[in-house]
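Below is one structure, written out as structure tokens, with a few remarks after it.
The chains referred to below are lettered A, B, ... by the order of the sequence lines, with proteins before strands, and numbering in each begins at 1.
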2 protein chains.
Amino acid sequence: MLFLIENEGMGSLTEENYIKSVYALSQATGEVIVSELAKKLHVKPPTVNSMMKKLALKKWVLYAPYKGIKVTEKGKKEALSIIRRHRLAELFLVNVMKLGWEEVHDIAEQLEHVESSRFYDRIDEMLGYPKFDPHGEPIPDANGKILNDKRIPLNQAKENATVKIVAVADDKKSFLDHLNDKGLKIGEKVFVKRKEAYDGSVVLVNKSKVELMITHQVAERILVEE
Amino acid sequence: MLFLIENEGMGSLTEENYIKSVYALSQATGEVIVSELAKKLHVKPPTVNSMMKKLALKKWVLYAPYKGIKVTEKGKKEALSIIRRHRLAELFLVNVMKLGWEEVHDIAEQLEHVESSRFYDRIDEMLGYPKFDPHGEPIPDANGKILNDKRIPLNQAKENATVKIVAVADDKKSFLDHLNDKGLKIGEKVFVKRKEAYDGSVVLVNKSKVELMITHQVAERILVEE
DNA sequence: TTAATTTGTTAGATATATCTAACATTTTAA
DNA sequence: TTAAAATGTTAGATATATCTAACAAATTAA
Ligand SMILES: [Mn+2]
Ligand SMILES: [Mn+2]
Ligand SMILES: [Mn+2]
Ligand SMILES: [Mn+2]
């Protein structure tokens with residue numbers, strides 16, 4: 001006889017990574033399609049197909065053949081709990097362990113799967129129940145509530161206006177190394193001097209009156225306010 | 001065609017756990033046998049058999065049919081590196097994150113597999129390059145050097161002598177909770193009043209002149225000096 | 001020293017997570 | 001509105017890590 005233990009509520013490391021990506025894509029583009037997920041997770045579409053069937057059984061997603069993927073409330077809660085652990089870990093690595101914001105993401109990808117509420121409760125406490133991670137991303141609270149903000153990508157900011165950098169939409173090392181080189185960081189105010197129509201690049205003036213140019217690729221990953 | 005990537009030097013989480021156990025058993029009993037490893041890892045003997053074949057291919061162990069398991073220098077180095085990460089993690093959790101010594105082992109079992117030398121170098125640095133973990137176990141240095149000490153289990157200490165508790169040979173929560181109840185901790189000096197011949201229990205007098213009795217099971221897991 | 005017991009190995013099955021090849025459906029373009 | 005392209009699914013294979021059942025070797029007891 002075969003006993004299938006459903007393991008309600010908990011997920012394998014792989015399942016956790018899938019639901020996190022499903023949630024992230026659903027935030028960006030509404031509907032999630034198999035091929036996008038496959039690209040994001042560096043797997044082939046059939047792999048996504050079978051994993052989505054599995055997550056559908058767990059009620060983390062709704063999945064009908066050829067109809068795309070929708071996250072359920074349950075799946076959203078799961079994703080936010082992982083995102084919370086990821087962002088708390090990143091802030092801990094920067095604020096307590098004094099690592100650079102460009103090197104913490106890969107470590108947090110591992111720490112987010114540590115199973116121990118004591119560990120995360122202490123991190124949260126030591127950091128003073130923080131609201132944002134080192135990249136300016138909001139940290140969901142223990143109930144999965146997350147701040148909904150009105151930040152825009154820098155490439156959508158108006159010309160001849162001063163904006164404040166409040167977050168980055170990418171926390172990979174290569175991108176953050178590039179920002180470090182340009183001297184751009186969270187909290188910094190910059191004046192948007194010109195947006196080139198041809199290639200989407202943006203010319204900024206920083207607080208030391210120095211002019212610098214960033215490409216569209218970079219501008220769309222910098223989130224600003226005002 | 002099939003390309004087998006040997007993945008030299010690195011090990012999966014499972015392989016890491018096996019070599020750690022092989023090393024631990026080899027320290028305790030010299031020769032490691034399949035059934036002991038199986039018991040320790042809560043798997044069946046055939047599982048150990050096939051994993052040992054795999055580790056033998058990686059040159060972490062020597063393994064001949066019916067001849068038992070021997071750790072190689074390479075395997076020992078691997079094991080000590082994992083033990084180093086485990087013990088650094090435990091001390092970090094106690095000293096920096098202020099968790100109790102009885103609750104850190106299970107978290108360290110997960111943290112020891114985090115792949116990031118930066119993470120462990122910073123922990124080491126923050127702790128001031130410590131020599132012992134919260135349970136008194138020596139922390140191997142980055143080259144795998146580990147202190148070889150002359151501590152003995154409390155049940156082997158002489159009667160009518162004062163000894164200092166320097167380590168515990170078990171860091172599971174149930175055992176440490178028990179020590180917490182008895183008020184016994186690392187650094188504490190106790191007088192060995194009597195060792196019962198019948199059941200191996202030990203009667204101690206603590207520094208407040210209070211008499212307390214511990215069973216053989218507990219005494220053999222407390223390591224003392226002098 | 002044979003027989004019983006313990007210990008170890010092989011063979012074959014199961015579960016997870018992945019892949020490729022073939023086929024099906026949906027969307028887009030002619 | 002068909003044909004082509006893009007996207008998704010199924011079937012079947014591979015790799016890892018585990019198991020049970022059957023058998024083999026070594027150890028221990030009678
Ligand atoms: Mn991140
Ligand atoms: Mn982040
Ligand atoms: Mn431990
Ligand atoms: Mn320890």
Side-chain angles (χ1 to χ4, degrees), chain A residues 1-22 25-26 29-58 60-70 82 109-110 113 115, chain B residues 1-22 25-26 29-58 60-70 82 109-110 113 115:
Chain A
M1 209 177 299
L2 203 154
F3 293 91
L4 271 181
I5 291 146
E6 219 346 90
N7 208 358
E8 265 302 328
M10 271 228 297
S12 69
L13 182 143
T14 310
E15 287 167 352
E16 288 194 349
N17 284 332
Y18 273 87
I19 195 63
K20 196 167 52 123
S21 291
V22 171
L25 289 177
S26 79
T29 63
E31 260 252 312
V32 180
I33 65 176
V34 170
S35 53
E36 265 185 294
L37 241 190
K39 195 197 289 179
K40 178 155 180 142
L41 290 163
H42 306 109
V43 295
K44 304 295 176 197
T47 309
V48 170
N49 177 272
S50 55
M51 186 57 63
M52 287 309 105
K53 286 175 181 172
K54 200 174 171 194
L55 296 194
L57 278 176
K58 286 184 106 104
W60 287 6
V61 299
L62 296 174
Y63 186 52
Y66 300 101
K67 296 297 172 204
I69 303 151
K70 280 184 263 304
I82 302 156
E109 282 292 310
Q110 301 177 65
H113 303 290
E115 240 180 78
Chain B
M1 207 178 296
L2 202 155
F3 295 90
L4 270 181
I5 293 145
E6 221 344 272
N7 207 356
E8 265 299 328
M10 271 231 296
S12 69
L13 183 143
T14 309
E15 287 167 351
E16 289 194 349
N17 284 333
Y18 273 87
I19 195 62
K20 196 166 53 124
S21 290
V22 170
L25 289 176
S26 79
T29 63
E31 260 254 313
V32 181
I33 65 175
V34 170
S35 53
E36 265 185 294
L37 242 191
K39 195 198 289 181
K40 179 154 178 140
L41 289 163
H42 305 110
V43 295
K44 304 296 177 194
T47 309
V48 170
N49 177 271
S50 55
M51 187 57 63
M52 287 310 104
K53 286 176 181 171
K54 201 174 171 193
L55 296 194
L57 277 177
K58 287 184 106 103
W60 287 5
V61 300
L62 295 174
Y63 185 51
Y66 300 103
K67 296 295 173 206
I69 303 151
K70 280 184 262 302
I82 301 156
E109 282 292 310
Q110 301 177 65
H113 303 290
E115 241 180 79

Which listed nucleotide (D/dT20, D/dT9, C/dT18) is nearest to the side chain of B/Pro46? D/dT20
Value in whole Å for how far the P atom of D/dT16 lies from CG of B/Leu57: 11 Å
Using a cut-off of less than 4.0 Å, is there contact between a side-chain N or O of A/Asn49 and OP1 or OP2 of D/dG8? no
Side chain of B/Ser35 - closest among C/dG8, C/dC19, D/dT20: C/dG8
Considering every strand and a 4.0 Å limit on heavy-atom distances, what is the contact class for A/Pro45: base, sugar-phosphate, or nothing? base
Whole angstrom value for the distance that separates P of D/dT16 from NZ of B/Lys58: 9 Å
Upstream residue (5' side of DNA chain C) when A/Lys67 and A/Glu15 are each assigned their closest nucleotide: A/Glu15
In whole angstrom, what separates B/Glu31's CD from D/dA26's C1'? 14 Å
Base, sugar-phosphate, or nothing: which does A/Ser12 touch, judged by heavy atoms less than 4.0 Å apart? sugar-phosphate
Phosphate contact (D/dT9 OP1 or OP2) by A/Lys53 side-chain N/O below 4.0 Å: no
Charged N to carboxylate O below 4.0 Å: is that the case for A/Glu109 and A/Lys20? yes
Non-hydrogen side-chain atoms of B/Trp60 and B/Glu15 separated by less than 4.5 Å: yes
Report yes if a side-chain nitrogen or oxygen of B/Tyr66 is closer than 4.0 Å to either non-bridging phosphate oxygen (OP1 or OP2) of C/dT10; otherwise report no. no
B/Ser50 (side chain) donor-acceptor with B/Thr47 (main chain) under 3.5 angstrom: yes
Closest of D/dC19, C/dT18, D/dG8 to the A/Thr14 side chain is C/dT18
Ignoring the backbone of B/Tyr63, work out which of C/dT20, D/dT18, C/dG8 is nearest its side chain. C/dG8
Per atom distances to the A/Lys44 side chain, the nearest of C/dT18, C/dT20, D/dG8 is C/dT20
Check whether any side-chain heavy atom of A/Val61 sits under 4.5 Å from a side-chain heavy atom of A/Ile19, and report yes or no. yes
